[in-house]
Amino acid sequence: MSKEVLYEPLKELADKFPPYLTTHSATLPPADKHRYEQQLDRIRRILGVFEEDGYTDEGGGAGGRVVELMGEMQSFGTPPTEIMGDLPPGFGVGPDGMPQIPEGCCVS
């Protein structure tokens, strides 16, 4: 869960969420709106940790906080497809909100 890997995608989500929430606020079910607002809150908090002076992926301090916040964010499910885009063919999302990687697929 390094800053190098996560920062740009999370920054992109943080930029896309507010317009999405504004545009869809009248049509979103309240439960979904709450989930998305919670996801955005966690994304912003993770970005805040990454932007702290002296942040490093090493050690358990700030890096541990990122892991904790990522877990919280994932507990609210997946962001809307309009923000995330479609997953590649063969990929799905599990009940924990994490992508399910097809059998035999190796991510390195």
Side-chain angles (χ1 to χ4, degrees):
M1 298 222 181
S2 72
K3 179 178 179 177
E4 182 180 339
V5 172
L6 292 175
Y7 187 83
E8 288 304 321
L10 290 176
K11 182 75 171 119
E12 187 176 330
L13 285 174
D15 292 342
K16 289 181 177 180
F17 250 119
Y20 175 85
L21 290 171
T22 300
T23 302
H24 294 87
S25 66
T27 58
L28 279 175
D32 287 344
K33 184 177 179 185
H34 175 75
R35 282 188 317 109
Y36 298 153
E37 288 169 342
Q38 293 303 308
Q39 289 171 344
L40 177 58
D41 175 70
R42 296 325 184 277
I43 290 167
R44 287 177 172 161
R45 290 166 63 183
I46 293 166
L47 292 171
V49 171
F50 284 150
E51 293 167 356
E52 289 175 0
D53 286 339
Y55 173 82
T56 177
D57 292 326
E58 305 300 318
R65 183 73 181 130
V66 168
V67 170
E68 179 182 323
L69 289 167
M70 285 294 292
E72 290 176 18
M73 182 184 76
Q74 291 167 351
S75 75
F76 294 107
T78 57
T81 303
E82 296 91 340
I83 293 176
M84 286 287 293
D86 293 323
L87 290 173
F91 284 72
V93 177
D96 60 357
M98 294 295 293
Q100 294 177 318
I101 299 171
E103 186 82 25
C105 181
C106 178
V107 177
S108 58

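Any value given below was found using the heavy atoms of this structure, including those in side chains, with hydrogens, waters and symmetry copies removed. If you read the sequence from its start, that first residue is 1, and numbering goes on from there. Since the structure is predicted, the reported quantities are computational estimates derived from the model, not experimental observations.
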Within one Ile-Leu-Val-Met-Phe-Trp-Tyr cluster: [X] and [Y], side-chain cutoff 4.5 Å:
| X | Y | result |
| --- | --- | --- |
| Leu28 | Ile83 | yes |
| Met84 | Phe76 | no |
| Tyr55 | Met70 | yes |

Just to verify, what does Arg44 make a side chain to side chain donor-acceptor pair (under 3.5 Å) with, not counting sequence neighbours?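 Checked Arg44 against side chain to side chain donor-acceptor pair (under 3.5 Å); zero matches.
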Please enumerate all residues that pass side chain to side chain donor-acceptor pair (under 3.5 Å) together with Arg35, with sequence neighbours excluded.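 Testing Arg35 for side chain to side chain donor-acceptor pair (under 3.5 Å), a comparison that skips the adjacent residues, returns Asp32.
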Provide the full list of side-chain hydrogen bond (donor to acceptor under 3.5 Å, both in side chains) pairs with a residue in residues 19-31, sequence neighbours left out, each pair given once.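 Sorted pair list comes back empty.
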When rounded to the nearest 0.5 angstrom, what is the spacing between CD in Gln74 and CD in Gln39?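 Atom-to-atom, Gln74:CD and Gln39:CD are 10.0 Å apart.
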Could I get the full list of salt bridge (charged side-chain N to carboxylate O under 4.0 Å, His left out) partners for Glu68, not counting sequence neighbours?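 Salt bridge (charged side-chain N to carboxylate O under 4.0 Å, His left out) list for Glu68, sorted by chain: Arg65.
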Sort and list the pairs that fulfil salt bridge (charged side-chain N to carboxylate O under 4.0 Å, His left out) and have at least one residue in residues 71-81, not counting sequence neighbours.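 Listed by first then second residue: Arg42-Glu72.
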Show me the donor-acceptor pairs, under 3.5 Å and distance only, between side chains in residues 5-19 and residues at least two apart or in other chains.
| from | atom 1 | to | atom 2 | distance (Å) |
| --- | --- | --- | --- | --- |
| Tyr7 | OH | Glu51 | OE2 | 2.5 |
| Glu12 | OE2 | Lys16 | NZ | 2.9 |

What residues, two or more places apart in sequence or in another chain, satisfy side chain to side chain contact (heavy atoms under 4.5 Å, CB included) together with Glu37?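 In terms of side chain to side chain contact (heavy atoms under 4.5 Å, CB included), with neighbours along the sequence ignored, Glu37 is linked to Leu21, Lys33.
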Using a 6.0 Å cut-off, check whether atom CD of Glu4 has over 12 heavy atoms from anything other than its own residue.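 At most 12 heavy atoms, drawn from other residues, nucleotides or ligands, come within 6.0 Å of this atom.
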